[in-house]
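What follows is one structure encoded as structure tokens, with my remarks underneath.
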Amino acid sequence: MNSAVFPGSFDPLTLGHKDIIDRALPLFDTLIIAIGVNVDKNYMFDTEARIQMIEAVYQNEPKIKVVAYSGLTVDFCHAHQLHFILRGLRNPADFEFEKAIAQTNRKLGNIETVFLLTGPETSFISSSIVRDIFRNGGDISKLVPIEIMPVILNNL
Ligand code: ADP
């Protein structure tokens, strides 16, 4: 079985994440979307809400599993016998940051990172911009999958 993990904060899931997930689906038999839980990070949406958002979008996609995790991604990979990490790249800053992490994960855990380049129509989207717009009462509906809007509104 060719499985990968897509780790991230997904705070909230955006159309950028969805673009990467949809394009990775044909490459893997199973894609585990692993929602990071880091006690030092201040998330806008709690773990349960972030899980619900992804499940709302992918409820009919049997290849996708959504889990929460804490600790090192390589440890998560070993615990679940996963050999591939999926990450998205938007720009040179993402590349520089991800390069060091990917090389470290290969050194630490013999895990390969597979990168997909963002599509041009979603490359500008980030969860932090979405949070900022949302916090200030703006319209985020063009930046996130429409299916997550009820979850967001339930968590106000
Ligand atoms: P993290 O805190 O781990 O960076 P994010 O939820 O911000 O979590 O991002 C998870 C992954 O999704 C990262 O690989 C990131 O580069 C990718 N990603 C985020 N936004 C986009 C986007 N607009 N296009 C492509 N990839 C994206």
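None of the values given here were measured: they were computed from a predicted structure. For ligands, and for the atoms within them, numbers begin at 1 and follow the listed sequence.
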When you compare ligand 1 with [X], is there at least one nitrogen or oxygen pair between them that comes in under 3.5 angstrom?
X	value
His17	yes
Ile20	no
Ser9	yes
Arg87	yes
Pro7	no
Thr122	yes

Identify the closest protein heavy atom to [atom]: which residue and atom is it, and at what distance?
atom	result
atom 21 (C) of ligand 1	Arg90 CD, 3.5 Å
atom 24 (N) of ligand 1	Thr118 OG1, 3.1 Å
atom 15 (C) of ligand 1	Gly88 O, 3.8 Å

What atoms in ligand 1 come closer than 4.0 Å to a heavy atom of [X]?
X	answer
Phe10	6 (O)
Asp94	16 (O)
Lys41	2 (O)
Gly8	3 (O), 8 (O), 10 (C)
Phe6	11 (C), 12 (O)

Angle class for the Phe6/His17 ring planes (parallel below 30°, perpendicular above 60°, tilted otherwise)?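 Perpendicular, since the angle between the ring planes exceeds 60°.
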Counting only N and O atoms by type, is there a donor-acceptor contact under 3.5 Å from the side chain of Asp11 to the main-chain atoms of Met44?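 Confirmed, Asp11 side chain pairs with Met44 backbone.
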Salt-bridge criterion met for Lys63 and Asp29 (N-O under 4.0 Å):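 No salt bridge links Lys63 with Asp29.
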Using a strict 4.0 Å threshold on nitrogen-to-oxygen distance, state whether Arg23 and Asp19 make a salt bridge.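 Judged by the 4.0 Å cut-off on N to carboxylate O distance, Arg23 and Asp19 do form a salt bridge.
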Could you tell me if Arg90 sits above the aromatic ring of Phe124, with its cationic atom closer than 6.0 Å to the ring centre and no more than 45 degrees from the axis?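 No, Arg90 does not sit over the ring of Phe124.
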Going by distance alone, is a donor N or O of one side chain under 3.5 Å from an acceptor N or O of the other, for Asp22 and Tyr58?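 Side-chain D/A pair, Asp22 to Tyr58: present.
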Flag for Tyr69-Thr73: side-chain donor and acceptor within less than 3.5 Å: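 Checked: Thr73/Tyr69 side chains pair up, N/O donor to acceptor below 3.5 Å.
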Out of the candidates Val130, Thr14, Asp132, only one should pair with Ile140 under the side chain to side chain contact (heavy atoms under 4.5 Å, CB included) rule; please name it.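 So, applying the side chain to side chain contact (heavy atoms under 4.5 Å, CB included) to Ile140 and each of Val130, Thr14, Asp132, only Val130 qualifies.
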Stepwise, does the side chain to side chain contact (heavy atoms under 4.5 Å, CB included) test hold for Ile85 with Glu112? CA-CA 6 Å; Ile85 293 174; Glu112 286 291 354; over 6 Å; no
